[in-house]
2 protein chains.
Amino acid sequence: MTETPRQRQHRQTMADILQYAHQQLATEGSAGLSLRAIARELGLVSSAIYRYVPSRDDLLTLLIEESYNAFGDAVEAAETRCHRDDLGRRWLAIGRAVRRWAVANPAEWALLYGSPVPGYHAPPERTTAAGSRVPILLLTVLAEANLEPSPDDPPMTAALHRELDRLRPAFPGDLKPEVFARGLLAFSSLCGLVSLELFGQFTNTVTQFPAHLDHQLIRLGAVLGLPDPD
Amino acid sequence: MTETPRQRQHRQTMADILQYAHQQLATEGSAGLSLRAIARELGLVSSAIYRYVPSRDDLLTLLIEESYNAFGDAVEAAETRCHRDDLGRRWLAIGRAVRRWAVANPAEWALLYGSPVPGYHAPPERTTAAGSRVPILLLTVLAEANLEPSPDDPPMTAALHRELDRLRPAFPGDLKPEVFARGLLAFSSLCGLVSLELFGQFTNTVTQFPAHLDHQLIRLGAVLGLPDPD
DNA sequence: CAACAAGAGAGAGCGGTGCTCTCGCAAAGC
DNA sequence: GCTTTGCGAGAGCACCGCTCTCTCTTGTTG
């Protein structure tokens, strides 16, 4: 089942397209992504690109999936390096890795967590699996922490209960709905923190704030109910 | 100093352009905003638009400023309706108003808090004043609450102290740096919550979560150090 | 080995975009 | 009444996504 030269060449061109697309994403932003420019770069005429990619939107979908996976890889790798017992540290590592990856790949972050792209409407469900990796990692940490609901937790609606039941198979242990909700809040907060920094909401005002991310993460860890890292 | 018919007609056309631009923003998204389409709508030839707007980017800047102000108006109005003494309620009103406005004006929200637009690079400083209205409102509430630093607050760096001193004239009362940092975290979290909902990160997974915004807001209020609303 | 099928790339072309330039004409100011 | 100002029209440039047709190479099959 070895691949023919033709298949190999096709695969290589496809990889070149994706590689240059990422590069273009970084320099021009998601809206500047141009199939014609990619074709030019590869020494192809513009129409030839369509042998590889059905449309610009499909290319974007591929990029989104790749980015989600690169993002998930980076965060999971960082989390894995922590002692399993130090749950506060694992959360801190997740938060730090999220920001680090975002700062290193701002265009990709914008693609994943920024406003939906130009005319691009349906981030198809294929991407949701890849997109769930980081939130699921966070929830896994919470599940392992075996946190209990606290009196501060707001009451859960039946609808939210049902949705959690659907997701429960995704992570081990016993995640209480209240803790699940805390986790979503923490993940949202983290995204907000990173996005505001990256999208320039802090420029000219509180440029030093993002440097305090560790402190904010620890504070959010407290909201989660996790202990401070050792 | 009455305006000439010519000035009046110019002003009217300008208003028409902005009005239709907002409309197009809502239907097509920020990347779909087209000067030619606006010109067509107004019965003008495409080049005539440039008598009113120097470039597409400048039009976007105008839209951003208008949107920030509409956003600020909506949130300030909601906050004003609360009893001055009920600080928890005022924070809750701010959070609710932010989400309500965002849900009602998703394209504008994306313009303000989503990824920076296509090729559009410099959200010039004119917009920062308008863009600061809501965060400043939130910080004003915190200032009026006369909150004290708590042992849970992380230590503040000198740099963050300096930045706060620069901003201090913007709100009344005596806002401690630690409380200032809490406010920024809360605002970031709120933006993250709203953006994840609007940009579809919750679709197919936890669609019911945003409905719990009130609870999340109260939880964030606790992080802020504000009392529960009456 | 020869005939055939499949696929890659080229090229022209359609309708769309932002933006520039020039030209004519009408209104405003003197 | 004359001049200046400025609005709108029109043509045009370079770019975009995407489609269609054609050619030529490659790989498969009888």
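As the structure is a prediction and not an experimental result, all values here were calculated from the model. Residue numbers begin at 1 in each chain, while the letters A, B, ... track the order of the sequences.
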What is the distance, to the nearest angstrom, from the [atom1] atom on [X] to the [atom2] atom on [N]?
| X | N | atom1 | atom2 | value |
| --- | --- | --- | --- | --- |
| Arg40(B) | dG10(D) | CZ | C1' | 16 Å |
| Tyr50(A) | dC20(D) | OH | P | 12 Å |
| Leu44(B) | dC7(D) | CG | C1' | 9 Å |
| Leu42(B) | dC7(D) | CG | P | 14 Å |
| Asp16(B) | dG8(D) | CG | P | 11 Å |
| Arg8(A) | dT26(D) | CZ | C1' | 17 Å |
| Leu35(B) | dT20(C) | CG | C1' | 14 Å |
| Ile38(A) | dG17(D) | CD1 | C1' | 12 Å |

Closest nucleotide among [options] to the [X] side chain:
| X | options | result |
| --- | --- | --- |
| Ser47(B) | dG17(D), dT20(C), dG18(C) | dT20(C) |
| Ser55(B) | dA10(C), dC19(C), dT17(C) | dC19(C) |
| Arg51(A) | dT17(C), dA8(C), dC7(D) | dA8(C) |
| Ser34(B) | dT17(C), dT19(D), dA9(D) | dT17(C) |

Is the shortest side-chain N/O distance from [X] to OP1 or OP2 of [N] below 4.0 Å?
| X | N | result |
| --- | --- | --- |
| Arg56(A) | dG17(D) | yes |
| Gln9(A) | dG9(C) | yes |
| Tyr52(A) | dG9(C) | yes |
| His10(A) | dG7(C) | no |
| Ser46(B) | dT17(C) | no |

Is the backbone of [Y] close enough, under 3.5 Å, to the side chain of [X] for a donor and an acceptor to pair up by distance?
| X | Y | value |
| --- | --- | --- |
| Trp109(A) | Ala104(A) | no |
| Ser34(A) | Ala37(A) | yes |
| Asp58(A) | Pro54(A) | no |

Residue closer to the 5' end of DNA chain C, Arg6(B) versus Ala37(B) (nearest nucleotide):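 Nearest-nucleotide comparison on DNA chain C picks Ala37(B).
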Whichever of Thr13(B) and Gln24(A) has its nearest DNA chain D nucleotide further upstream toward 5':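 The residue mapped nearer the 5' terminus is Thr13(B).
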Spacing of Glu66(A) atom CD and His22(A) atom NE2 [to the nearest 0.5 Å]: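 NE2 of His22(A) is found 5.0 Å from CD of Glu66(A).
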Touch class at under 4.0 angstrom, heavy-atom based, for Leu33(A) against every strand present: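 Here Leu33(A) touches the backbone only, sparing every base.
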Criterion side chain to side chain donor-acceptor pair (under 3.5 Å) on Thr13(B) and Asp16(B), from CA distance to verdict: CA-CA 5 Å; Thr13(B) 304; Asp16(B) 287 348; 5.3 Å; no
Shortest non-hydrogen separation from Leu196(A) to Ser188(B) and the atoms involved: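 Taking every non-hydrogen atom into account, CD2-OG, 3.8 Å.
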Base dG16(C) paired with Arg36(B) side chain (donor-acceptor, <3.5 Å):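 When only heavy-atom distances are counted, Arg36(B) does not reach the base of dG16(C) through any donor-acceptor pair under 3.5 Å.
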